[in-house]
Amino acid sequence: TLNDTVGSTVDPRSVRWTHAFPMYSLQKAYTVDEQPNYGDEPVVVTPKLDGAAVSLQYIRGRLSCALTRGDGKEGLDITDKMKFLVPQILLPSMGKPIIQITGEVVADKSIENARNYAAGALNLKDIDEFKERTKFMEFIAYGVQPYQTNDYIEDMDFLNHCGFETCIDSNYAMFPHDGDVWRIIDNKAFEKLGYTSHHPRGAFAKKTKPKGVVTKLLDVVWQVGKSGNVSPVAVLEPIDINGATVSRATLHNIAIIEGLGLEIGCSVEVIRAGEIIPQVVARVD
């Protein structure tokens with residue numbers, strides 16, 4: 001049971017459920033030197049779409065549950081919404097009793113803050129509002145486990161025949177991108193390389209260095225982290241970076257402040273490191 005406590009007010013939507021297979025993130029490579037060397041092993045390059053990662057679990061060909069990525073091990077149940085975006089029944093001849101399909105829910109980039117629009121839709125309580133948003137959203141599949149064949153491209157063809165849009169079908173120029181994904185085609189070779197605690201070694205995301213946004217440094221305050229370390233934080237004139245309003249950014253330590261020559265009132269360049277953490281990277285004179 002979710003919670004047996006008398007009078008419990010636990011919202012079932014806040015309970016996390018385990019993915020049938022872990023959802024790993026991808027190693028990022030910004031330069032040729034950072035890219036893994038796969039030797040003569042053929043790879044396929046697909047668009048890295050910028051939306052919300054989701055796993056779909058099918059049992060004997062029927063949609064059983066859909067989960068947000070969460071921490072890659074567990075996610076929130078969004079089955080009530082995803083059933084309006086994906087097939088509820090797969091091919092009867094798929095041959096596996098349980099199958100997990102992973103992919104990205106993306107929104108048309110003509111929509112302001114398209115990434116947040118897609119991710120926010122999965123958190124909506126109003127199903128009718130979600131259904132309205134599906135006019136501008138799509139689920140693009142990029143993974144299936146267990147593998148259906150020994151060839152990644154053939155696996156994507158399988159999903160296409162099941163009624164899915166897949167990452168090999170198009171470059172999807174209508175949706176926001178944040179790089180390309182390079183993946184070994186041979187699934188046995190992919191698995192032979194193994195995994196780190198976070199990433200598969202047989203694939204990586206090729207990305208370009210994010211372009212910073214310039215704003216004014218209003219102040220520097222000090223915060224105590226969970227480990228007890230004290231670190232400086234920049235207070236900024238609010239700016240928009242990839243759909244997120246940023247008014248504070250990490251400075252890590254006093255050496256960063258001195259190395260960048262920062263002064264209250266100066267202009268600074270700010271990025272979102274890993275598309276998440278605001279960081280001051282330079283002073284702009």
Side-chain angles (χ1 to χ4, degrees), residues 18-29 32 34-49 51 53-67 69 72-75 82 85-106 138-172 175 177-207:
T18 303
H19 296 288
F21 296 86
M23 292 182 68
Y24 290 94
S25 59
L26 290 174
Q27 174 188 348
K28 299 176 180 64
V32 172
E34 294 175 324
Q35 296 179 19
N37 181 5
Y38 298 139
D40 296 329
E41 199 64 54
V43 300
V44 60
V45 180
T46 59
K48 188 175 187 302
L49 298 169
V54 168
S55 78
L56 309 171
Q57 180 178 287
Y58 289 82
I59 297 179
R60 294 183 176 86
R62 292 183 177 273
L63 180 64
S64 170
C65 72
L67 303 176
R69 182 184 182 278
K73 298 178 181 178
E74 297 177 325
M82 290 302 297
L85 273 180
V86 302
Q88 295 190 52
I89 299 177
L90 300 187
L91 293 175
S93 60
M94 65 179 196
K96 308 288 183 181
I98 298 178
I99 183 173
Q100 177 173 292
I101 298 170
T102 50
E104 201 87 357
V105 175
V106 287
E138 190 78 58
F139 174 82
I140 311 297
Y142 55 65
V144 58
Q145 292 171 290
Y147 301 130
Q148 301 300 296
T149 73
N150 192 42
D151 186 295
Y152 177 76
I153 294 175
E154 289 184 13
D155 277 359
M156 293 301 101
D157 285 339
F158 162 79
L159 292 182
N160 187 263
H161 283 92
C162 288
F164 289 94
E165 289 283 332
T166 80
C167 59
I168 69 168
D169 297 332
S170 167
N171 66 356
Y172 298 106
F175 301 125
H177 292 206
D178 60 344
D180 296 315
V181 176
W182 292 47
R183 187 199 190 278
I184 290 177
I185 295 173
D186 186 286
N187 287 329
K188 288 184 179 178
F190 178 89
E191 289 296 327
K192 186 176 180 180
L193 287 176
Y195 300 79
T196 70
S197 58
H198 300 289
H199 315 298
R201 293 190 175 94
F204 68 92
K206 184 178 181 181
K207 309 188 76 171

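- Q100 contributes a side-chain N or O that, together with a main-chain N or O of A20, makes up a donor-acceptor pair within less than 3.5 Å.
- Side-chain atoms of Y152 and C167, non-hydrogen and from C-beta on, do get closer than 4.5 Å to each other.
- The minimum heavy-atom distance between A29 and Q35, with the atom names listed, is CB-CG, 3.8 Å.
- With hydrogens and angles ignored, the 3.5 Å screen pairs no side-chain donor or acceptor of E154 with any backbone N or O of T149.
- At a threshold of 4.5 Å between non-hydrogen side-chain atoms, the residues Y147 and E191 count as touching.
- The shortest side-chain heavy-atom distance between L26 and F204 does not fall under the 4.5 Å cut-off.
- Nearest approach of K48 to A205, heavy atoms of both residues: CD-CB, 3.7 Å.
- In terms of heavy-atom proximity, L63 sits nearest to Y58 at N-CD2, 3.3 Å.
- At a threshold of 4.5 Å between non-hydrogen side-chain atoms, the residues P146 and I98 do not count as touching.
- Between the CD1 atom of I153 and the CD1 atom of I185 there is a distance of 4.0 Å, given to the nearest 0.5 Å.
- Between atom CG of residue D157 and atom CG of residue D151 there is a gap of 8.5 Å, rounded to the nearest 0.5 Å.
- Separation of atoms CZ (R183) and CZ (F190) is listed at 4.5 Å; rounding is to 0.5 Å.
- Residues L56 and F139 form a side-chain contact, since some pair of their non-hydrogen atoms from C-beta on lies under 4.5 Å apart.
- E41 meets the side chain to side chain contact (heavy atoms under 4.5 Å, CB included) test with Y38, I184, D186, A189; sequence neighbours excluded.
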- prompt: Can you list the steps and then say if Y24 with Y195 is a ring-ring contact (aromatic ring centres under 6.0 Å, His included)?
  reply: CA-CA 9 Å; Y24 290 94; Y195 300 79; 4.6 Å; yes
- request: Applying side-chain contact (heavy atoms from CB on, under 4.5 Å), run through L159 and Q148 and close with a yes or a no.
  value: CA-CA 9 Å; L159 292 182; Q148 301 300 296; over 6 Å; no
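- For the side chain to side chain contact (heavy atoms under 4.5 Å, CB included) test, residues two or more places apart in sequence or in another chain that qualify with T196 are H198, H199, R201.
- Considering every non-hydrogen atom in both G72 and H19, the closest pair reads O-CD2, 3.5 Å.
- Counting heavy atoms from C-beta outward, S25 and R69 have side chains that approach closer than 4.5 Å.
- At a cut-off of 3.5 Å, with distance as the only test, no side-chain donor of E138 or Y172 sits close to an acceptor on the other residue.
- The line from CG of N171 to OG1 of T46 is 11.0 Å long, rounded to the nearest 0.5 Å.
- Across every non-hydrogen atom of L67 and G75, the tightest pair is CD2-O, 3.9 Å.
- Side-chain atoms of F164 and L90, non-hydrogen and from C-beta on, do get closer than 4.5 Å to each other.
- One finds no salt bridge joining K206 and D180 here, because no Lys/Arg side-chain nitrogen approaches an Asp/Glu carboxylate oxygen to under 4.0 Å.
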query: Q145 and I99: side-chain contact (heavy atoms from CB on, under 4.5 Å), yes or no, with the steps?
result: CA-CA 6 Å; Q145 292 171 290; I99 183 173; over 6 Å; no
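- A side-chain contact (heavy atoms from CB on, under 4.5 Å) with V144 is found for one member of D155, T102, T166 and no other, namely D155.
- Taking both residues in full, the closest heavy atoms of I101 and A141 are given as CG2-CB, 4.0 Å, listed atom of the first, atom of the second, then distance.
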